[in-house]
Amino acid sequence: MQYDFDEVISRRNTNSIKWDCAEAVGNLPLWVADMDFRVAKPVLDALHRRVEHGIFGYAHIPDAYYEAVIRWFERRHHWTIRREHILTTAGIIPALSAILQTMADQGEKVGLHTPAYNCFFLSTRNASRTLQEIPMVSRSGRYEIDWQVMEERVQWCKMLIFCNPHNPTGRVWSKEELRQVDEICNRHGVFVMCDEIHCELTFPGVEYTPYATVATSDNWCVCTSCTKSFNLAGLPIANIVVPNDHIRARLAAAFENNRVGDLTALSIEALIAAYNESEDWLEQLQQYIYANYRYMCDYMQTYIPVLRPVRMEGTYLCWVDIRGTGMTAQTLCRQLIEKQHLMFNPGEMYGDSHYVRINMACPRSTLQEAMTRLQTFYNDHISTLKTS
Ligand SMILES: Cc1ncc(COP(=O)(O)O)c(C=O)c1O
């Protein structure tokens, strides 16, 4: 089936954080990481059928659920997941808190490549574990791991939070890079929590490698979810794959203690329909997001040259270098709201005040409107500063 990602669907008054929270009212929001696209038809149909039934009691996870997850990763990513290795949770971030409590003791160090998704900072601090930042380097606008810095810092860590593909830099780690992460962490006995929520959102010609397929030990867990790629964040669900029996038993107990293991009836139906019947939607989405990225890069290069998007390989979150503006990200984002009613995420949230994060998962016309507002802001407030 052919989908129309150009269709503009108002999300106002749907209790959307992105569009309806107090800060977003009256603004054009290209921030919070969900998409402004209607979900795939098979997902909608499955939800309609389930809603029509009219009773929404506690949900049991059927065989069909596990079969959908296993078949999807086998077929698309050549990763064979054993059913007994899967723990289900209502989201990756709820699971992360329990994983942190289980795999590191209070005060122990948890490694994190920075910049990083904001919840990784928050969850680690909330769990009273000590964050060990491992800064990445940007080479010609493309982020890379600094292996020497990683080696120096990770050796003091009990656990590493790793993000593959990476939010916010848009890197899709190569097999070779993943092998190196595995090798270093093994050498130092570091448990790897690999968050692969963005794994379907790769650009044309770029292949995602599941960490599980290169790992040489079983001292890790991989967190997957259909919510980011199929636009189902409001129906939370995640699969935490844990190959080691002992670790899995401990994590299962922690999920139980934290009550993060219960799924909703609707999430289960949505996942099955997404993985079993919605691959065509996903493939069209990938093309659309890549075209949005190309459009934005070309636009900025031509009209707003002080903004430099990084060289990404995946995700729909574009990390843009704003050093040329001479402003911090917070200042720039505040001024964009005041003067153009345009919202991005300031880089401070992710550990770098020289960048903003722009959510490109919207119809092209929305992105065009955002670029026009950005250009007006640039013409009125920045280019004049630069030339005076
Ligand atoms: C890397 C990463 N992990 C996890 C999440 C959220 O996961 P969940 O909604 O399953 O808690 C996000 C959302 O943006 C993300 O970017």
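Source: prediction; values computed, not measured. In each ligand, atom 1 is the first atom listed, and ligand 1 is the first ligand listed. Residue indices begin at 1 and follow the sequence shown.
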Any non-hydrogen atom of C223 lying under 4.0 Å from ligand 1?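 Flag not set, C223 not near ligand 1.
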Which residue and atom name correspond to the protein heavy atom nearest atom 8 (P) of ligand 1, and how close is it?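 I find the closest protein heavy atom is I92 N, 3.5 Å.
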Among protein heavy atoms, which sits nearest to atom 14 (O) of ligand 1, and what does the distance come to when rounded to 0.1 Å?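 Looking only at protein heavy atoms, the one closest to atom 14 (O) of ligand 1 is K228 NZ, 2.7 Å.
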Tell me if the centroids of the rings in Y211 and W173 come within less than 6.0 Å of each other.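 So the answer is no for these two rings.
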Looking at Y288 versus F37, is the centre-to-centre ring distance below 6.0 Å?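 That pair passes the under 6.0 Å test.
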Just jot down the ligand 1 atoms closer than 4.0 angstrom to any heavy atom of D195, in number order.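 Result: 1 (C), 2 (C), 3 (N), 4 (C).
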How are the rings of W281 and Y3 set relative to one another: parallel (under 30°), tilted (30 to 60°) or perpendicular (over 60°)?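 If you compare the ring of W281 with that of Y3, the planes turn out perpendicular.
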Does the structure place the NZ or CZ of R364 under 6.0 Å from the centre of the six-membered ring of Y295, at an angle of no more than 45° from the ring's axis?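 Yes; both conditions hold, so R364 lies above the ring face of Y295.
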Determine whether any protein heavy atom is located less than 4.0 Å from atom 11 (O) of ligand 1.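 When distances to the protein are checked, atom 11 (O) of ligand 1 has a heavy atom within 4.0 Å.
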Can you tell which part of I93 has a heavy atom less than 4.0 Å from ligand 1: side chain, backbone, both or neither?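 Both parts.
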What part of I197, side chain from CB on, backbone N/CA/C/O, both or neither, has a heavy atom under 4.0 Å from ligand 1?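 Side chain only; the backbone of I197 stays clear of ligand 1.
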Is a salt bridge present between E177 and K175, judged by a nitrogen-to-oxygen distance below 4.0 Å?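 No, no charged N to carboxylate O under 4.0 Å.
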Could you tell me whether a side-chain N or O of S225 sits under 3.5 Å from a main-chain N or O of I237, the two making a donor and an acceptor?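 Between the backbone of I237 and the side chain of S225 there is a qualifying donor-acceptor contact (under 3.5 Å).
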